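We use all heavy atoms of the structure for the numbers below, so side chains are in, but hydrogens, waters and symmetry mates are not. This is a predicted model, so every value here is computed, not measured. Below, chain A is the first sequence line, B the second, and so on; all start at residue 1.
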Protein chains: 2
Amino acid sequence: MSNKSKLTLAKLAQLAGVSTSTASRALNNNPLIKKATRERLQQLAQENNFSLNRAASRLRTQKTHVIAVILNFINDTDQSISDPFLLKVVSDVNQELNKHGYELLLSNSLMASDDWGNYFINSSRADGLIIIGQGKNDEKINTAAKSGAPLVVWGDPMVTSSYPIIGSDNNYGGYLATEHLIKGGCKHILFLGDPEHAEMGQRHKGYTHALNENDLDIEHQLTVSIDITSKAAYEKINQLILEQGLFFDGIVAASDMVALGALKALKERYINIPNDVAIVGFDDIAMAELFHPALTTIRQDTALAAKLMVEQLIKQFNQQAVKSQTIDIKLINRNSSRTI
Amino acid sequence: MSNKSKLTLAKLAQLAGVSTSTASRALNNNPLIKKATRERLQQLAQENNFSLNRAASRLRTQKTHVIAVILNFINDTDQSISDPFLLKVVSDVNQELNKHGYELLLSNSLMASDDWGNYFINSSRADGLIIIGQGKNDEKINTAAKSGAPLVVWGDPMVTSSYPIIGSDNNYGGYLATEHLIKGGCKHILFLGDPEHAEMGQRHKGYTHALNENDLDIEHQLTVSIDITSKAAYEKINQLILEQGLFFDGIVAASDMVALGALKALKERYINIPNDVAIVGFDDIAMAELFHPALTTIRQDTALAAKLMVEQLIKQFNQQAVKSQTIDIKLINRNSSRTI
DNA sequence: TTGAAAGCGTTACCAA
DNA sequence: TTGGTAACGCTTTCAA
């Protein structure tokens, strides 16, 4: 390493025999500067291991090119931070942000501040927010939106809001899953999940709708409200069977993790899947097909979700109109349900 | 919202009737300032929704309080970005960084720059690097270290390096897994993974060691080199059985994902786990116990790993000596292996 | 096509 | 215990 003090744009410019302005423009590839000059400076920068100081340029331009991604969980007992589906969303968002020249600052709702707009935006930590999950409570999101923070939410796009929400067609997903079980001959179908939660509520609506449409006696069906974790599902299924016997022959799970918890409980009791009980999950996490039997599930298109979220966020930076958007889902038919 | 222009420290100070210096110190909770003044200013800031501009303070202090976490994968066919174990590490690192007042900038090795030190550190994007995974090639890490970037790596701590590496006792892990299978009566034990990869190489060493120690004929054992994904494991096991029949009765998998892929292939062929073939995984991902049979595995302590990594990184900021550290592992005995 | 200079919002030195 | 002031390193307006 050299014994010189840290290289700055001014020194680099000096080295090249041009002004700082020219150097700045050259490194930012500004077409105002002659192409030869630009290339010369860019190479010089590389040779000298020089990188523009982002703290300085952010201060000057008032743009950070950073997006804060907030994993919005209520607490650890809720949908766990280790749910592979949510992490897949983060990963896809990261790819998409990179594509647009943005970087990802990862945060979670357990974080210090309660005022996201203030903490991230006013402080110039980030230009915008991508919030993963509405949870059961969108107060913090509303506060951030009201403060003028550019943001987009992954959640239930049916909810009326002042900010764009991107999410799957959960209602139709719940419908598809339930209808699939009915067509496979299920008569007593459990809904396993938390209908209080916005997205899960929509899935539950679809479930109810499918039951109605098929003249299945709703009263004989059962909505079982649990935390959206495999552990909760496992315990609930065990408890249910212990107390009431095997009174159901199908399960619509609010997520794959929930489905897998239920699956485990059933298999431990030597209940045949899908003949005694058929199961449909939601999400299509990578592991869904590794299970035995492989899990039938409703696939959510996370890559498209990431694309739309970043799109809606960037539109806000450009003062363009934004809107919530619903993403199509599809049923992935595997072996945890009976073929029709 | 007010119609005033953006609030700055200077304006806030004016509002409070103190100098900017005092306001700055007060908001940074500098004990030089009288407690009453500090509290008054902190409250005023809150009331006015004011947050110090980080771009400015980072420029001034030359510290960002940001750590870049780099998921260092060679490409998509390698250990996938969706491996729950790695994501768990990221999540734990995030918690730990927050505890120390740092924020996490998430990146992956597919990212623009090849020179991490230059890209993240020289540019004031981050103060340090946490690199998850050595991969098979540590050139980029060496370059970054040589450029003086403070960094710490999650990988194989046995590797000699100029930077601290935190990792599990992989050798002992491989040994434990293998010994466990041997004690359970396995005679022909497969190692499923990529020994070229630093950590997996250590696990393989432990495997060999255990075989030797128990006078098992090494030549009858088999090291099967595959990508560390469940898909590769699934395909390889199928191919092996198709070509050579069931010539093994135990599998030491280099990761849980690999184990689960193998498990699927075996179950599809109605091979009894653990009686016909016993399996031990590595990592103890959350899903390991959801499988049927639940996966016996070597647990890595990611929370401790996160703690040590952040510790070693912060030591570098304070010019303190750093060192690689090995984390103890333990065998989690479940049903994919025979009880001893 | 290039250069001079002001200014982004902090922090910290020095002085009081 | 507080205040004045320079400086952090860049971008951009205005002028040449």
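Separating the CZ atom of A/Arg38 from the C1' atom of C/dT1 is a distance of 11 Å, rounded to the nearest angstrom. In this entry the distance linking NZ of A/Lys6 with C1' of D/dC10 reads 13 Å, nearest Å. Rounded to an integer number of Å, the gap from B/Asn29 CG to C/dT11 C1' is 16 Å. Nucleotide D/dC8 holds its C1' atom 14 Å from the NZ atom of B/Lys63, rounded to whole Å. Here D/dA15 presents its P atom at 16 Å from CG of A/Leu32, a figure rounded to the nearest Å. Straight-line distance from the CG atom of B/Leu41 to the C1' atom of D/dT2: 12 Å, rounded to whole Å. For A/Arg58 and D/dC8, the CZ to P distance is 20 Å, given to the nearest whole Å. In this structure, B/Asn30 places its CG atom 14 Å from C1' of C/dT10, rounding to the nearest Å.
Residue B/Ser21 is in base contact, counting any heavy-atom pair closer than 4.0 Å across all strands shown. Heavy atoms of A/Ser57 sit under 4.0 angstrom from primed sugar atoms or phosphate atoms, though from no base atom. Heavy atoms of B/Ser24 sit under 4.0 angstrom from at least one base atom. Note on B/Ser124: nothing from the nucleic acid sits closer than 4.0 angstrom, heavy atoms only.
Side-chain atoms of B/Arg60 come within donor-acceptor range of the base of C/dT11, with a qualifying N/O pair under 3.5 Å.
The side chain of A/Arg25 lies closest to D/dT12 when the candidates are D/dT12, D/dG9, C/dG9. Side chain of B/Val18, nearest nucleotide from C/dT2, D/dG3, C/dT10: D/dG3. Closest to the side chain of B/Leu59, out of C/dG9, C/dT10, C/dT2, is C/dG9. Closest to the side chain of A/Asn53, out of D/dG9, D/dT13, C/dT10, is D/dG9. Checking C/dT11, D/dC10, C/dA12 against every side-chain atom of A/Thr8, the shortest atom distance belongs to D/dC10.
Both A/Asn28 and B/Ile33 lie near DNA chain D, and the one whose nearest nucleotide falls closer to the 5' end is B/Ile33. A residue-by-residue look at B/Thr20 and B/Ala56 shows that B/Thr20 has its nearest nucleotide of DNA chain D further toward the 5' end.
At C/dG9, one or more side-chain N or O atoms of A/Gln62 fall inside 4.0 Å of OP1 or OP2 (strictly under the cut-off). Listed pair B/Thr22 / D/dG3 meets the phosphate criterion, a side-chain N or O lying under 4.0 Å from OP1 or OP2.
Each of A/Ile327, A/Asp92, A/Leu308 was scored for a side chain to side chain contact (heavy atoms under 4.5 Å, CB included) with A/Asp301, with one residue passing: A/Ile327.
Residue B/Asn53 comes nearest to B/Ala55 through the heavy atom pair OD1-N, 2.8 Å, listed as atom of the first residue, atom of the second, then distance. Contact detail for B/Ala16 and B/Leu41: the closest heavy-atom pair is CB-CD2, 3.9 Å.
Atom CD of A/Gln42 is surrounded by more than 12 heavy atoms from other residues, nucleotides or ligands within 6.0 Å.
Looking at A/Asn48, its side chain never comes within 3.5 Å of a backbone N or O of A/Phe50 through a donor-acceptor pair.
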Worked verdict on A/Lys35 versus A/Glu39 for salt bridge (charged side-chain N to carboxylate O under 4.0 Å, His left out): CA-CA 6 Å; A/Lys35 192 150 181 240; A/Glu39 282 168 355; 3.8 Å; yes
